[in-house]
Amino acid sequence: MSTKYKKVFLVDDNPMDNMVNAQLISSVGFAVNPVVLNGGTDTLDMLKKAAPSELPELIFLDIRMPEMDGFQFLEEFEKLGEAITRHCKIILLSTSDTFKDLNRANKNKLVRRFLNKPLTSEMLAAINL
């Protein structure tokens, strides 16, 4: 089966959301084996150590996480340098559709989309970054 993306990260502290989203991403051919990470700190560490060929093309990032929220992640992500920030496209995920979060996401140049959870096959089909 051909896939749309080679490497995708799912960054979310909710194991159920990760399981559902990872299964959907694989089953519709969006990516073969999405990498599931439970928080921003682990993800940043992984990105810092990754060889260019190991970088994800796409990062689905939950906004609401206890240790480091999605917006704090974005601040640190930007410091990783242009080689990483240009390669890794970020899509924010949230159960919140508050105007404040949406407005903040839209102002961040690193955020490509803001989607409400859970992901659907229609949402994935519409992503073309």
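Only this structure's heavy atoms are used, side chains among them; waters, hydrogens and symmetry mates stay out.
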> Looking at side-chain heavy atoms only, is the closest gap between Leu61 and Leu74 below 4.5 Å?
Replying inline: yes
> Just wondering, do Arg112 and Ile127 contact through their side chains at under 4.5 Å, heavy atoms?
Replying inline: no
Identify all side-chain donor-acceptor contacts of residues 30-53 below 3.5 Å with residues at least two apart in sequence or on another chain.
residue, atom, partner, partner atom, Å
Thr41, OG1, Glu67, OE2, 2.3
Thr43, OG1, Gly39, O, 2.8

>> Take a 6.0 Å sphere around CD of Gln72 and say whether it holds more than 12 heavy atoms from other residues, nucleotides or ligands.
In response: yes
>> Is any side-chain heavy atom of Cys88 closer than 4.5 Å to one of Phe9?
In response: no
> Can you tell if the side chain of Leu124 reaches within under 4.5 Å of the side chain of Phe60, non-hydrogen atoms only?
Replying inline: yes
> What heavy-atom pair brings Ala105 and Phe71 nearest, and what distance separates the two atoms?
Replying inline: N-CE2, 3.9 Å
> How close do Arg113 and Asn128 get, heavy atom to heavy atom, and via which atoms?
Replying inline: NH1-N, 4.0 Å
> Looking only at heavy atoms, which two atoms of Phe73 and Ile90 are closest? And how far apart?
Replying inline: CE2-CD1, 3.9 Å
>> Nearest 0.5 Å, please: how far is OG1 in Thr95 from CZ in Arg64?
In response: 8.0 Å
> At what distance, to the nearest 0.5 angstrom, does CD of Glu54 lie from NE2 of His87?
Replying inline: 10.5 Å
> Can you tell me how far the CD1 atom of Ile63 sits from the CG atom of Leu92, to the nearest 0.5 Å?
Replying inline: 4.5 Å
>> Any heavy-atom pair between the side chains of Glu76 and Met68 that's under 4.5 Å?
In response: yes
>> Is there a continuous path of hydrophobic side-chain contacts, each under 4.5 Å between heavy atoms, that joins Met19 to Leu93?
In response: no
> Would you find a donor on one side and an acceptor on the other, under 3.5 Å apart, between the side chain of Lys4 and the backbone of Ala125?
Replying inline: yes
> In terms of hydrophobic clusters joined by side-chain contacts under 4.5 Å, are Val8 and Val20 together?
Replying inline: no
> Out of curiosity, Leu58 CG to Lys7 NZ, how far, rounded to the nearest 0.5 Å?
Replying inline: 13.0 Å
> Say you draw a straight line from CG of Asn14 to CG of Asp62; how long is it, rounded to the nearest 0.5 Å?
Replying inline: 8.0 Å
>> To the closest 0.5 Å, what do you measure between CG (Leu119) and CG (Asp17)?
In response: 9.0 Å
